[in-house]
Amino acid sequence: MWIPTLMSTSLIATVAVAAPIDKTLSYLVPDSLRETARVGMRLQVPLGRRRAVGYLMTLTEGDPAGLKPVAEVLDAAPLFSAEMVPFFTRAAEYYCHPIGEVVRTALPAGLSGRGEGVSILREKVYAATDLAGEPTGALQKEVLALVREPGRLALSELRQSVAVPYGALRRLVELGYLVETEEERLRDPFLALPVTVDAVPEPTAEQAAVLGEIEPALASRVFAPFLLHGVTGSGKTEVYLKAIETVLEQGRRALVLVPEIALTPQLVARFRSRFAGGRATIAVLHSGLSDGERYDAWRAIARGEVEIVIGARSAVFAPLADLGIVVVDEEHEASYKQGEGFRYHARDLALLRAQMAGAVVLLGSATPAVTTFYRAQSGQTGLLSLSGRVLERPLPQVELVDLTASPFGEYLSEQLAESMRENLERGEQSLLLLNRRGFAPYLLCSDCGTTFRCPNCEITLTYHQERRQLRCHYCDFIQAPPELCPKCQGGNVLPEGVGTERLEVELAERFPDARIARMDRDTTARKGAHQQLMERMSRREIDILVGTQMIAKGHDFHGVTLVGVINADSTLNFPDFRSAERTFSLLTQVAGRAGRGELTGRVLIQTYSPEHYALTCAAQHDYQEFYQQEVAFREVLDYPPFGHLVNLVLSGNDGKKVAGAAEFLAEALQGATGEVDVLGPAPCPLAKLRGKTRVQILLKAPTRMPLRRLLMHLPQLQKKITAGVGLTVDVDPVDML
Ligand code: ADP
Ligand code: ZN
């Protein structure tokens, strides 16, 4: 008898191990795990002599020779679908970051530990059977009637109506009247809040025109990116809502990214209002969720139970299938860029994700990033504009106040003080922006000139008067403020400059009858504090709100008619090529807070540089002119959008070693390329941070390809870098401090 020889093939898993390894590794799936292992699950795999957590990326039949077996499958259900795998892979390549670390960053927090799961809330649910008749007990009769009404009821819901002991329920199950099951329960406090349903407005002519361009793209189900450029209040959010409605009608899903959920409760409320009443399930991923809640929401999304996901940066990884649209609101916001670890930009990954899913992208902004507007100008992205405010509400009148004419050391010009007084008399609200928290940026001995620096970061310590502390705003180092100067023993150690705390105190002296409040990271650290301030503002219990850029965002106070900017130069003089862009955008945003209601608004911007185009253009509400000036400056210096940047930062405790490693790396990179400018090494603007010396090498090239080619040498070069020196790679850096 002839017996065919069976070729030996086995199930092979490629695994992204959560470790700094630049590619996936292959493992054998033993027969015992064949039935359970699925793409998107976490695994325990051997790595050298230890075990590591990895993510199952692909499963194929193949030759198992030399492969180690998977030790354990850690999940009962996949955390992401196979569709996400090429997205993770491309993201890892683009940012030159280990694939396993990319997936780990993408997955909800609380999962990364060694095999521990997050406890899932389960709840007993009772369903009525069609068994006729009645039980004998009165309580049992009542329970049965309650469950029969809707057909099924969760235990907690049931107990809201009747205090039923578990034994009585078991009895009903045994008698065959009820069936008991256990279900996962979604814990999302956001969704437990009541919803008010607002009327749906008819689109304005401009909104209709914009939607007229988006709808065909949605209908054809191909990747189509659009910039939606419109001032605050021009009706962008309404466009998002309408476009999402179309997507839902197609049976597809929507992803909405916002800079920070806590600062955008009004946007979330509008989405919930529009899609309430079971029209769509919304998951809100926000930083207030516990690990368990986040995990629940993630699982619900992965199971396909959610139609709309709203979240900050990390929501770009939400495992939504059938993606029809991705909205990135305030696309210019720097908070979309992750500042450590896997340094991705959520807007750019949103574009990549939509491209792979055949979805429409709406990038909304009043002040688009220069790079985004450039893409729109050059036709890579569609350009949609909403030119005016809805209902013709006028834009506020903006004036620049030249501080060089004010007496030195006065934080409030006569002009701004006078306007505030008038506003108070009329009973209208004012906002004051000062982008610096604490009482004063530093303490200074006026006898010998001594200042106080952070021993870890070598920058000046900020004086916080309320807490009697000198604090480092980078590493949170704290020391008590000295009574006497430690150097000259003099008694004249005085706060210099102004922070929000000091401004609040001085305003209280100047306007003793005004109700003044402060909104910054110090006053909003407590949970719910930010929300409370916003509510007090809405109820008009505050006349003057002082704050950092937090006050510029997300809310819509109808009583605010005056906005003052204490010092526009603080962002303008930042050592970064984007400082003009940031200043323009912040000023435009804060100015947009004035006159949102019936009354028109007024904005006063105090500055030592009243001629600077970032300020003059902000005062004129002229984005186009700002863009022209800014882009000309960028072109001369080959900065983005004309050049692409990668910032390499070397850091370590031993300054000499760091410097040596940086020299070596810069030279090696220089030798490996003729197409990329290798700039540096040079000390980072924050040359010492948390005790570590920091040196940077900036790579610059007119296109991305040569940068990619050069970065491919990095893993090899990295191995030759001295122990004790860390290297971070930041592709498209946003913050180069
Ligand atoms: P943006 O997102 O650009 O700031 P919004 O969509 O929030 O603008 O619109 C600003 C205000 O105008 C909101 O109060 C909104 O309810 C209202 N609004 C938007 N579109 C319309 C419309 N077509 N008709 C009437 N009111 C509208
Ligand atoms: Zn410090």
Side-chain angles (χ1 to χ4, degrees), residues 196-212 227-245 256-259 263-271 273-274 310 327-333 362-368 384-396 438 441-442 451-462 464 469-479 538 552-558 588-598 621 623 651 684-694 737:
T196 56
V197 179
D198 305 333
V200 177
E202 274 301 303
T204 61
E206 270 200 320
Q207 283 170 333
V210 160
L211 286 163
L227 166 61
L228 179 55
H229 181 206
V231 295
T232 43
S234 62
K236 296 186 295 296
T237 308
E238 190 54 40
V239 170
Y240 307 154
L241 289 165
K242 287 254 161 33
I244 288 172
E245 241 165 89
V256 180
L257 301 182
V258 293
L263 301 183
T264 44
Q266 286 170 347
L267 180 135
V268 173
R270 272 172 76 186
F271 272 76
S273 157
R274 186 62 56 89
I310 307 177
V327 171
V328 185
D329 192 32
E330 310 286 359
E331 67 82 30
H332 62 278
E333 280 284 334
L362 294 183
L363 306 176
S365 179
T367 54
L384 309 171
S385 300
L386 295 171
S387 64
R389 280 185 163 180
V390 176
L391 313 173
E392 319 254 309
R393 282 176 202 144
L395 285 167
Y442 57 101
T451 57
F452 300 84
R453 284 168 187 275
C454 172
N456 308 319
C457 307
E458 292 185 353
I459 56 164
T460 56
L461 295 165
T462 303
H464 288 249
Q469 284 174 347
L470 280 171
R471 273 188 101 103
C472 172
H473 283 182
Y474 286 93
C475 75
D476 266 336
F477 169 86
I478 296 169
Q479 76 179 47
S538 294
K553 291 177 184 162
H555 49 73
D556 206 346
F557 301 129
H558 285 219
T588 304
Q589 202 166 25
V590 74
R593 300 299 129 197
R596 304 273 280 187
E598 303 302 311
H621 307 288
Y623 179 82
S651 68
C684 294
L686 288 173
K688 213 169 165 200
L689 192 63
R690 297 183 188 93
K692 293 198 161 140
T693 302
R694 304 166 76 242
L737 290 181

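Read the numbers this way: they start at 1 and go in the same order the structure lists the ligands and their atoms.
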Counting C-beta onward and ignoring hydrogens, is there a side-chain heavy-atom pair between [X] and [Y] closer than 4.5 Å?
| X | Y | value |
| --- | --- | --- |
| Val239 | Leu384 | no |
| His229 | Glu331 | no |
| Leu686 | Tyr474 | yes |
| Val256 | Ile244 | yes |
| Pro441 | Thr462 | no |
| Pro455 | Phe477 | yes |

### Task
Report the part of Glu202 in contact with ligand 1, treating N, CA, C, O as backbone and CB onward as side chain, heavy atoms under 4.0 Å; options are side chain, backbone, both, neither.
backbone
### Message
A quick test of your reading: do over 12 heavy atoms of other residues, nucleotides or ligands sit less than 6.0 Å from NZ of Lys688?
### Response
yes
#### Entry: Residue and atom, protein N/O/S, under 2.8 Å of the Zn ion (ligand 2)
Cys454 SG, Cys457 SG, Cys472 SG, Cys475 SG
### Message
Does this structure show an ion pair linking Arg274 with Glu238, if we count only N-O contacts that are shorter than 4.0 Å?
### Response
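Between Glu238 and Arg274 there is a salt bridge, with a charged N closer than 4.0 Å to a carboxylate O.
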### Query
Touching ligand 1 at all, Val231? Heavy atoms, strictly under 4.0 Å?
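Yes.
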### Query
Can a non-hydrogen atom of Pro203 be found less than 4.0 Å from any atom of ligand 1?
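Pro203 counts as a contact of ligand 1 under the 4.0 Å cut-off.
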### Message
Closer than 4.0 Å to some heavy atom of Glu238 - which atoms of ligand 1 meet that?
### Response
6 (O), 19 (C), 20 (N)
### Message
At less than 4.0 angstrom from any non-hydrogen atom of Thr204, what atoms of ligand 1 do you find?
### Response
23 (N)
### Task
Answer with yes or no whether the side chains of Thr367 and Gln589 bring together a donor and an acceptor at under 3.5 Å.
no
### Query
Any idea which of Pro201, Ala205, Gly235 brings a heavy atom closest to atom 24 (N) of ligand 1?
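Selected option, by shortest heavy-atom distance: Pro201.
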